[in-house]
Amino acid sequence: MSLLEISLSASIFILAIMFFRSLLIHKLPKMTFMFLWGVALFQLLVPVSVHSQLSIFTAVNYLRRMFTVQEVIPITESSPFLNGGTVIMPPITDNLTIPTEPLHTASQISPIVLAWLIGFTLCALFFIIPHLRCRNNYKMSLPIKSDFIRKWHNSNSLWRKVQIRQSDKILTPLTYGIFQPVVLLPKNLDYNDEKQLALILTHEFTHIKRFDTLKKWLLAAGVCVHWFNPFVWIMYILANRDIELSCDETVIWIFGESMKPAYAMALVRLEEKKSGLSPMISNFSKNSIEERIISIMKTKKTSITTMLLAIVIAAGIVTVFATSALDKTEAAPSVESDAVESAPALNQGESTIALMPIDLTFTKSDVPKLIDNLIASRYRAVYMDNEIYLRVMNDNSIQISKDNGAVWKKYDTDGVDAKDFANWLLKNDPNPGYSMKEIQSRLSNGAEVKHLVLENEKEMYFVIDKNGVQIELVQHEKIASVLIDGQRMMVTSERLPMLISAQMLKSFYDLLVSNNILTETQAEQDYSERIEHLKENDTIFMVTK
């Protein structure tokens, strides 16, 4: 998934949390929402998808398939047709418009990436600079000489060493530091009010026990990565509020419901002294005072029933809104069977051809990483079928091996006019495994096209420019093959449903290893992941031994 896709998916989950939070914030334990925010943060920072039949995205995909009709294109006399799997090229015409969009070279940084980097940097500075400024002020704090605080500290010690200090630079209590936490109290606090001190210290020590400062750093990291998403900023604000509400709830549970009025009053008195502070600290009165006081007064001991209800609701929200759709393009049985039966029977005299893809690009797997390894090697494209191994070198020369890579021979190619090829491509490959708009743009901006004719009337077109090599394969018999070039990884098969041999795919990865494109470890891992992907997610494919 791309960063934008991750952000959009997490936004749905954040909206769901916001909705249920508005309804149940005073009815469920506050840790329920802390758990949900944690799942949302995991979604934003860890690019891992969990698929579920109960996901809302599964339902969306199902509805989309219900209302999607398979497209059928009429074929005229000058249109391409299939004859037993053979692609017949009609005469080239000159009445088609070719896009003239400018190309972006592979060596340039995309403007979108550059904008994201600038936003990320500014956002990071927004959090880091105030924190460093405040930490400098905190270094001026002094130890507190109070018998009550010393006794309380001794009776509430933690496995991490915690300091309790005072400062005249702050107006409200706060906690900072992760591994060496410090509770900082304002110098003008009433140190004779032992009841208020106990409430404050319990609240701050709850922050320390739960590593709330670390949570704030992670929330800030999520905001920096997804700074362009307003829902992530809303999550940051609400999650920080819920950190405070959860600590307030714990304090009430510890001291009993009779202390709620005193705790609320202490909160009001401290709120009156509130000032702007760093977002990287756990502050006693940082968030909405009104929401906190209402929550304090409505806090009750959690019953087993309420706890079970919270677990069920949290699990339901996560399952429905935080999981991805089952990655299966399951068509209706009647449609699928019709496609399989009719595909081989498309002959020259027939009038229609269904848009059933012959090539499948692995869009769900880690193809970009594989392509990066290809580009970093001495090659620009690698192809393999049952007859030949083919590779395109960095100097754009084409080499072929007919003995499983033992001996490679350089093959000569013919040049093809880019405009003629662009026109042919539009008519002969209406459903390609790549962006037609992009390839047309490359052709109109000076891409070179090479043509290679092999035995059995198999042909290959090579679109070559500084963006990479893209191979268009024309073969009279749809033999099984595997290809990776600068744009995609692709497999083809001889019939529908498409059959791909696990052994062929393994041989292809052996080819990548022998050409120093992948290490043996990388090849084994990528091969296993791709086979698993085909078996689980691509119902059009049948993996055979």
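Count residues from 1 along the sequence. The analysis underlying the following values was restricted to heavy atoms, covering all of them including side chains, and did not include hydrogens, waters or symmetry mates.
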- request: With rounding to the nearest 0.5 Å, note down the distance linking CG in Asp193 to CG in Leu199.
  value: 8.5 Å
task: Write down the atom of Gly222, the atom of Leu41, and the distance for their closest heavy-atom approach.
output: CA-CD1, 4.2 Å
- prompt: Which atom pair, heavy atoms only, marks the closest approach of Asp465 to Arg380?
  reply: O-NH2, 2.7 Å
query: Stepwise, does the side chain to side chain contact (heavy atoms under 4.5 Å, CB included) test hold for Arg378 with Asn516?
result: CA-CA 8 Å; Arg378 299 188 299 130; Asn516 298 317; 5.8 Å; no
task: Indicate yes or no: at least one non-hydrogen side-chain atom of Ile12 is less than 4.5 angstrom from one of Phe57.
output: yes
- request: Give, for atom CG of Asn394 and atom OG of Ser377, the distance between the pair rounded to the nearest 0.5 Å.
  value: 7.0 Å
query: With side chains defined as the heavy atoms from C-beta onward, is the minimum distance between Asn137 and Ser167 less than 4.5 Å?
result: no
message: Taking Met297's backbone N and O only, do any of them form a donor-acceptor pair with Lys260's side chain (distance below 3.5 Å, no angle check)?
response: yes
- request: Using modelled atom types only, decide if a donor and an acceptor are shared between the side chain of Thr202 and the backbone of Ala198 within a distance under 3.5 Å.
  value: yes
- request: To the nearest 0.5 angstrom, please state how far the CD1 atom of Ile164 sits from the CD1 atom of Ile149.
  value: 6.0 Å
- request: Check Ala10 against Gln43 and note the closest heavy-atom contact, atom names and distance.
  value: CA-OE1, 3.7 Å
message: Donor-acceptor pair, distance only, cut-off 3.5 Å: does the side chain of Asn156 make one with the backbone of Trp152?
response: yes
- prompt: Any donor-acceptor pair under 3.5 Å linking the side chain of Ser246 with the backbone of Ile243?
  reply: no
- prompt: Under the 3.5 angstrom rule, does the side chain of Asn229 hit a backbone N or O of Phe231 as a donor-acceptor pair?
  reply: yes
query: Would you call Gln163 and Ser141 a side-chain contact if the rule is heavy atoms closer than 4.5 Å?
result: no
- prompt: To the nearest 0.5 Å, what is the distance between CG (Leu197) and CG (Asp190)?
  reply: 7.5 Å
- request: Take Phe321 and Phe19, measure what side chain to side chain contact (heavy atoms under 4.5 Å, CB included) needs, and give me the verdict at the end.
  value: CA-CA 12 Å; Phe321 296 99; Phe19 173 75; over 6 Å; no
message: Apply side chain to side chain contact (heavy atoms under 4.5 Å, CB included) to residues Ile313 and Thr32 and explain how you reach the verdict.
response: CA-CA 9 Å; Ile313 291 176; Thr32 306; 5.6 Å; no
- prompt: How about Leu512 and Ile484: do any of their side-chain heavy atoms sit closer than 4.5 Å?
  reply: yes
query: Below 4.5 Å, heavy atoms only, C-beta onward: do Thr250 and Arg210 meet side chain to side chain?
result: yes
- prompt: Can you tell me if Thr58 uses its side chain to pair, donor with acceptor, with the backbone of Leu54 under 3.5 Å?
  reply: no
query: So Phe205 and His153, would you call those rings parallel, tilted or perpendicular, with 30° and 60° as cut-offs?
result: perpendicular
message: So Val382 and Phe508, do their side chains get closer than 4.5 Å, heavy atoms only?
response: yes
- prompt: Between Lys187 and Gln166, which heavy-atom pair has the shortest distance, and what is it?
  reply: CA-OE1, 4.1 Å
- prompt: Under 30°, 30 to 60°, or over 60°: which ring-plane class applies to Tyr263 and His203, parallel, tilted or perpendicular?
  reply: tilted
message: Closer than 4.0 angstrom, basic N to acidic O: yes or no for Glu291 and Arg21?
response: yes
query: Can you name the nearest heavy-atom pair linking Val182 to Arg165, along with the distance?
result: CG1-CD, 4.0 Å
message: Please report the interatomic distance CG(Leu201) to OG1(Thr206), rounded to the nearest 0.5 Å.
response: 10.5 Å
message: Atom CD1 of residue position Ile112 - does it have more than 12 heavy atoms of other residues, nucleotides or ligands inside 6.0 Å?
response: no
- request: Salt-bridge test for Lys506 and Asp510: reply yes if a basic N is under 4.0 Å from a carboxylate O, no otherwise.
  value: yes
- prompt: Looking at Phe33, does the NZ or CZ of Arg241 lie under 6.0 angstrom from its six-membered ring centre and within 45 degrees of the ring axis?
  reply: no
query: Going through the checks in order, is the side chain to side chain contact (heavy atoms under 4.5 Å, CB included) test met by Leu185 and Tyr191?
result: CA-CA 10 Å; Leu185 302 178; Tyr191 289 94; 3.6 Å; yes
Flag, side chain of Ser7 to backbone of Leu3, donor-acceptor distance under 3.5 Å: no
- prompt: Going by atom types alone, do Glu249 and Thr299 pair a side-chain donor with an acceptor below 3.5 Å?
  reply: no
query: Which one of Tyr236, Trp227, Phe120 satisfies the ring pair (Phe, Tyr, Trp, His ring centres under 6.0 Å) criterion with Phe127?
result: Tyr236
task: Find the distance between CG (Asp212) and CD (Glu204) and round it off to the nearest 0.5 Å.
output: 10.0 Å
- line: Closest non-hydrogen contact found for Ser52 with Thr319 is OG-CG2, 3.8 Å
message: Take a 6.0 Å sphere around CD1 of Ile304 and say whether it holds more than 12 heavy atoms from other residues, nucleotides or ligands.
response: no
- prompt: Just by distance, do the side chain of Ser514 and the backbone of Leu511 share a donor-acceptor pair under 3.5 Å?
  reply: yes
query: Would you call Val183 and Ile208 a side-chain contact if the rule is heavy atoms closer than 4.5 Å?
result: yes
query: Can any side-chain N or O of Thr306 pair as donor or acceptor with the backbone N or O of Thr302 at less than 3.5 Å?
result: no
query: Is there a donor-acceptor pair under 3.5 Å between the side chain of Ser507 and the backbone N or O of Gln503?
result: yes
query: How about Ile517 and Leu370: do any of their side-chain heavy atoms sit closer than 4.5 Å?
result: no
query: Should the heavy atoms of other residues, nucleotides or ligands under 6.0 Å from CD of Glu257 be counted, would the total exceed 12?
result: yes
